[in-house]
Structures are given as structure tokens and as C-alpha cells.
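Everything below concerns the one structure shown next.
Along the sequence shown, residues are numbered consecutively beginning with 1. Only this structure's heavy atoms are used, side chains among them; waters, hydrogens and symmetry mates stay out. Just so we're clear, the structure is a prediction, and the values are computed from it rather than from any experiment.
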Amino acid sequence: MGRVGAVLFLAAALLAGCGGSSSSSPASLDSILRRPGPDVAVTPGASEFVPGDVRYPFLVIGNDARPVDRSTARVWVARKRDGVPFAQTTAHLEPVGVPGRSEPAFGGVTRLYVAHLRLPRPGRYWFVAEPAGAQIQAFGAVDVVAHSPSPAVGAPAPRSATPTLATAQAAAITTSRPPDLPLLRYSVADSLRAHRPFVVTFATPKFCTSRTCGPVVDVVDAVRERLAGRGVRFIHVEVFRDNDPSRGYNRWMRQWRLASEPWTFLVGSDGRVKAKFEGSVSTAELAAAVRAQL
């Protein structure tokens, strides 16, 4: 995943300062970066952005290599690197994995910021994120493209004959330990033929090395348990050929045109993508999406 980033929302009165401050709008992103504390590059948790409503996960890593995890972070966005912010939003921390059940993500990460924004058109946007009460600013950019490489919301889901326990041994189709057996019961193709709504996550628990990818398989299984009885299927698909990173992505990743992992898709009974998450997603976020979309 490239070191890109973004955030925004609400073109309203912009608050300045940190932890209670001026009510005037900052003159530019540069003026925010001149505040006390180090300026660092944002660590993004996603890389694919298209115009419209966007969910943007990210980390702020201090110069001591530790994540800054204040409960919220203020975010400003502008059209130019030294431009005047045209919008602002507040990012909130979300758990990585399932607290008390999952191991931390790479680097000991247990939480990351999530900002919701609306990016109206393709192009490059610049932003600054400032965790509440902390003297540090994270700077980054996001490139918004006209069309999504992965299946877009509203598009038909690829009819992938993903492996199941009926076609292979658990050790061959999952790197979860212990094996995530309830997520290996159904294939994508069979679920589409049966017109059953499903959640599918493309992830590799054993070989995930990103600071932001997180134990997404744990999250999907926890939501499966929480929403049992709704008639929604939950599916896990590994990402590498023969579970070997040296062999590259497998055919199911190629069928879904995925160039990174993890990805989680919600697909309706009509076979169309209803929502998708790149990178880490919390149980609360995923459960809310399933309730709303499936």
C-alpha cells in the first residue's frame, strides 16, 4: 500500500487549534503544520478512493515509532498542498481486530483512526490530521480516481468458485490457527447461485504484515456470531497461491481485481456489491453495515 492518505467532510466553520482553541479557520494547511510539535507522514490504511462518500482509515505514528491514539483527531482537507482548507471532519479511533481475542496488528497496533468524508471528483487532495490534545501533525495526500479497480458498489460480484471444506482440507484453505471453520462452509459462487446475501473477506491471517491490515478474519467471525440467524453467509478466502506469499496472489484475488489485502465485501441476494472495506474494519462498523445493507 502506498503512503497516501486523505480526509474531509463538512464545509462549515472550521475550528482551529488543539484541545480548545480559536474559532477562526486556519489560513492554510501550512499554518496548521507550523503549530508546536513534529510533522509526520500519515500512515494510510487504504489506497483505493473514488469520488463520493469515502471511509478513510489511518495511523499517526510519532517519531518514537509508536502510534498516537488519542480518542479523536481533527482533520483538514485542501485542494493544494499549501491551500486553504475547504472542509474539516473528526476522525475517531476504532479497534483493530476483536479486543480480548485478537493479537495486535504488526507493530503492536490495536486501534486506528477512521474518518468519513465526501470527495466530489477525481484528483489529488491534501490534508492534515491532528490528534486531540497532542502536539503532532500528520500530513498526507490522497489520489481519487474516476473508477474503482476492485468491484464497485452496485456492481455484480464475480462468480468465484472459492474453496470450502467440501472441496479441500482446512489447512490448505486457511492460515488461521485454529482454523476458522465456520467461514469455510460456503463458496462465493454457491452463495450467488442460491441468492443468499454474504460477507466475504480476502485476507491472510498468517502473512499479514501491514500496521493497518489487522486481524480482519477475527472481526468477520465475531460479526457472524453476533448476527447469527439473519440468513447472511460469512466467507473467508486466502489471498496467496497455495498460501505461499512468494507465489503471488491467487486466482480469486485476480478475479476480484484486488491489488492489496485485506478486503471485505458485502453482497446482497441480488448478487451485487452493497458495501466494501479496504484494510482494517471494526466489529461495530461491519455489523452496522450488515444490518443496513443485508
Does a salt bridge link K276 with E48, judged by any charged N lying under 4.0 Å from a carboxylate O?
yes

Between R224 and D180, does any side-chain N to carboxylate O distance fall below 4.0 Å?
no

So with a 6.0 Å cut-off around CZ of R81, is the heavy-atom count from everything else above 12?
no

Step through the shown structure and confirm whether more than 12 heavy atoms of other residues, nucleotides or ligands are within 6.0 Å of CD on Q169.
no

Using atom types as modelled and distance alone, determine if a side-chain donor or acceptor of T164 lies under 3.5 Å from a backbone N or O of A166.
yes

Backbone N/O of K206 and side chain of T175: donor-acceptor pair under 3.5 Å
yes

Between L117 and V77, does a side-chain contact (heavy atoms from CB on, under 4.5 Å) hold up when you go through it step by step?
CA-CA 10 Å; L117 51 128; V77 64; over 6 Å; no

Do the ring planes of F265 and F202 sit parallel (below 30°), tilted (30 to 60°) or perpendicular (above 60°)?
perpendicular

Please report whether the ring centroid of F58 lies less than 6.0 Å from that of Y56.
yes

With a cut-off of under 6.0 Å to the ring centre and 45° to the axis, is R55 in cation-pi contact with F277?
no

Rounded to the nearest 0.5 angstrom, the CD-CZ distance for Q293 and R272 is 14.5 Å

Hey, what do you get for CG (L29) to NZ (K80), rounding to the nearest 0.5 Å?
12.0 Å

With distance as the sole criterion, is a donor-acceptor pair present between the side chains of D244 and S246 under 3.5 Å?
yes

Quick one: do the R241 and Y249 side chains pair a donor with an acceptor below 3.5 Å?
no

Could you give me the CA-CA distance, side-chain angles and deciding distance for V40 and I61, then say whether side-chain contact (heavy atoms from CB on, under 4.5 Å) is met?
CA-CA 7 Å; V40 299; I61 304 295; over 6 Å; no

Going through the distances and angles, do V223 and V199 end up as a side-chain contact (heavy atoms from CB on, under 4.5 Å)?
CA-CA 10 Å; V223 173; V199 175; over 6 Å; no

Where do R70 and Y113 land on the side-chain contact (heavy atoms from CB on, under 4.5 Å) test, with the steps shown first?
CA-CA 9 Å; R70 304 300 176 95; Y113 289 109; 3.8 Å; yes

